[in-house]
*Asks:* 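Supplied in structure tokens, the structure appears directly below.
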Number of protein chains: 2
Amino acid sequence: MNNKENFIKKLRSSGLRPTKQRIEICKALYERKKTFHFTIDDLNKILRKKSKEKISLATIYNTVYAFKNKNYLKEISLNTNKTYFDTNVSNHHHFLDENSNRLIDLKNSDVGKVKIKRKIPGKKIKSIEILVRISD
Amino acid sequence: MNNKENFIKKLRSSGLRPTKQRIEICKALYERKKTFHFTIDDLNKILRKKSKEKISLATIYNTVYAFKNKNYLKEISLNTNKTYFDTNVSNHHHFLDENSNRLIDLKNSDVGKVKIKRKIPGKKIKSIEILVRISD
DNA sequence: TAAGTACTTTATAATGATTCTAAAGTACTG
DNA sequence: CAGTACTTTAGAATCATTATAAAGTACTTA
Ligand SMILES: [Mn+2]
Ligand SMILES: [Mn+2]
Ligand SMILES: [Zn+2]
Ligand SMILES: [Zn+2]
């Protein structure tokens with residue numbers, strides 16, 4: 001079974017109709033060896049090059065947020081004017097190269113155990129994320 | 001010597017003329033017991049209540065970014081449409097309460113030592129910041 | 001397979017935080 | 001005080017994102 005069939009299955013089983021636009025976007029996002037960190041604009045440019053048929057910007061927004069809601073994409077916290085997304089939806093940490101403004105995934109084994117000693121009454125920890133800023 | 005005189009000194013010694021607008025903004029930001037995490041809109045609302053004379057939104061933007069450049073304020077990484085600032089400019093960590101969307105400072109003693117085992121050739125670590133998402 | 005329906009895509013407009021502009025006002029220097 | 005550089009301001013411009021609504025498509029059921 002090839003990727004395309006897998007994407008179709010995955011979409012259908014998520015209640016998302018496997019349209020040709022969504023399948024193209026799946027290919028752009030998930031047919032990669034490494035984690036992909038991107039903005040809507042990055043994705044739009046990639047799709048323009050790759051696909052013969054144009055996918056509207058509105059559809060790219062719709063699809064990215066649909067995928068985010070299904071937990072196939074994750075939003076990343078950064079101080080930029082654009083929103084970043086990550087194909088690695090696991091709880092993980094990042095280097096942020098301040099020269100290139102590029103994100104690099106850290107494996108959990110790259111980071112010693114993080115111990116949070118303080119508790120807030122009535123609140124549970126949902127995630128712990130580290131951002132390590134680096135530069136030349 | 002009162003706060004106002006201190007603000008004036010600090011501004012002047014930073015090459016920023018101590019205008020009445022900047023002094024009002026200093027009071028709103030720094031006459032507090034605890035760290036203040038805010039958006040431009042938060043600050044604007046506070047100033048409207050506090051001050052008799054209106055400070056234009058443009059001036060609030062100008063001043064906040066001037067203070068950020070002087071390292072009297074820090075920008076915080078969050079996935080929101082608005083930019084957040086922090087009167088605590090030290091390298092420190094946060095809880096983010098996802099119910100209220102409020103930030104809480106963690107003291108360094110609240111967090112065990114963070115060890116980053118991986119190195120990127122030619123790059124130095126500039127800061128390490130942890131965001132701990134919490135909710136009910 | 002055709003009709004019916006809900007979902008999807010799309011062009012386009014609206015929104016809203018932020019940035020820009022340029023003119024009027026103010027702080028400092030000599 | 002006069003001169004200058006800095007500052008404030010209203011309003012316009014920008015631009016990422018979100019909303020709108022009409023046309024197109026996928027799926028269901030007969
Ligand atoms: Mn952002
Ligand atoms: Mn932000
Ligand atoms: Zn990542
Ligand atoms: Zn803080």
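Throughout, a chain's letter reflects where its sequence line sits, starting with A, and its residues are numbered from 1.
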*Asks:* Using a cut-off of less than 4.0 Å, is there contact between a side-chain N or O of B/Arg22 and OP1 or OP2 of D/dT7?
*Replies:* yes
*Asks:* Can you tell which of C/dA27, D/dA16, C/dT19 lies closest to the side chain of A/Lys82?
*Replies:* D/dA16
*Asks:* Quick check on C/dT18: is either OP1 or OP2 less than 4.0 Å from any side-chain nitrogen or oxygen of B/Thr83?
*Replies:* yes
*Asks:* I need the NZ-P distance between A/Lys68 and D/dT17, as an integer number of Å.
*Replies:* 12 Å
*Asks:* Rounded to whole angstroms, how far apart are CG on A/Asn62 and P on D/dA16?
*Replies:* 18 Å
*Asks:* Does CZ in A/Arg102 sit with more than 12 non-hydrogen atoms of other residues, nucleotides or ligands closer than 6.0 Å?
*Replies:* no
*Asks:* Could you tell me whether the phosphate oxygens of C/dA17, OP1 or OP2, come under 4.0 Å of any side-chain nitrogen or oxygen in B/Thr39?
*Replies:* no
*Asks:* Exactly one of B/Phe36, B/Tyr72, B/Tyr65 should register a ring pair (Phe, Tyr, Trp, His ring centres under 6.0 Å) with B/Phe85. Which one does?
*Replies:* B/Tyr65
*Asks:* From CD1 of A/Ile25 over to C1' of C/dT9, roughly how many Å is that when rounded to an integer?
*Replies:* 11 Å
*Asks:* Which listed nucleotide (C/dC28, C/dT9, D/dT9) is nearest to the side chain of B/Arg17?
*Replies:* C/dC28
*Asks:* Would you kindly give the CG-to-P distance between A/Asn81 and D/dT17, to the nearest whole Å?
*Replies:* 8 Å
*Asks:* For atom NZ of B/Lys126, decide whether the heavy atoms of other residues, nucleotides or ligands shown that lie under 6.0 angstrom number more than 12.
*Replies:* yes
*Asks:* Within a 6.0 Å radius of atom NZ on A/Lys123, are there more than 12 heavy atoms belonging to other residues, nucleotides or ligands?
*Replies:* yes
*Asks:* Should we count NZ of B/Lys117 as having more than 12 external heavy atoms under 6.0 Å?
*Replies:* yes
*Asks:* What nucleotide, of D/dT18, D/dA10, D/dT7, holds the atom closest to the side chain of A/Tyr61?
*Replies:* D/dT18
*Asks:* Between B/Pro18 and B/Tyr65, which has a closest nucleotide on DNA chain C that is more 5'?
*Replies:* B/Tyr65
*Asks:* For A/Leu78 and D/dA16, what is the distance between atoms CG and P respectively, to the nearest whole Å?
*Replies:* 16 Å
*Asks:* So, is B/Arg12 near the phosphate of C/dC28, with a side-chain N or O under 4.0 Å from OP1 or OP2?
*Replies:* yes
*Asks:* Answer with base, sugar-phosphate or nothing: what part of the nucleic acid does A/Asp41 contact at a heavy-atom distance below 4.0 Å?
*Replies:* nothing
*Asks:* Find the distance A/Leu47:CG to C/dT9:P and express it as a whole number of Å.
*Replies:* 12 Å
*Asks:* Looking at C/dT8, I'd like to know if its phosphate oxygens (OP1 or OP2) sit under 4.0 Å from a side-chain N or O belonging to A/Lys20.
*Replies:* no
*Asks:* Counting only side-chain heavy atoms from C-beta out, which of C/dT9, D/dT8, D/dT7 sits nearest to B/Leu16?
*Replies:* D/dT7
*Asks:* Look at the side-chain N and O atoms of B/Gln21 and state whether any lies under 4.0 Å from the OP1 or OP2 oxygen of D/dT9.
*Replies:* yes
*Asks:* From C/dA27, C/dT10, C/dT9, pick the nucleotide closest to the side chain of A/Thr19?
*Replies:* C/dT9
*Asks:* Which nucleotide, D/dG11, D/dT8, C/dT10, lies nearest any side-chain atom of B/Ala58?
*Replies:* D/dG11
*Asks:* Evaluate the ring planes of B/His94 and B/His37, with Trp represented by its six-membered ring, and classify them as parallel (under 30°), tilted (30 to 60°) or perpendicular (over 60°).
*Replies:* perpendicular
*Asks:* Considering only side-chain heavy atoms of B/Leu57, which listed nucleotide, D/dT7, C/dT9, C/dT18, is closest?
*Replies:* C/dT18
*Asks:* If I take atom CD1 in residue A/Ile60 and atom C1' in nucleotide C/dA11, what distance separates them, rounded to the nearest angstrom?
*Replies:* 14 Å
*Asks:* How many Å lie between CG on A/Asn79 and C1' on C/dT18, as a whole number?
*Replies:* 14 Å
*Asks:* Quick check on D/dT9: is either OP1 or OP2 less than 4.0 Å from any side-chain nitrogen or oxygen of B/Thr59?
*Replies:* yes
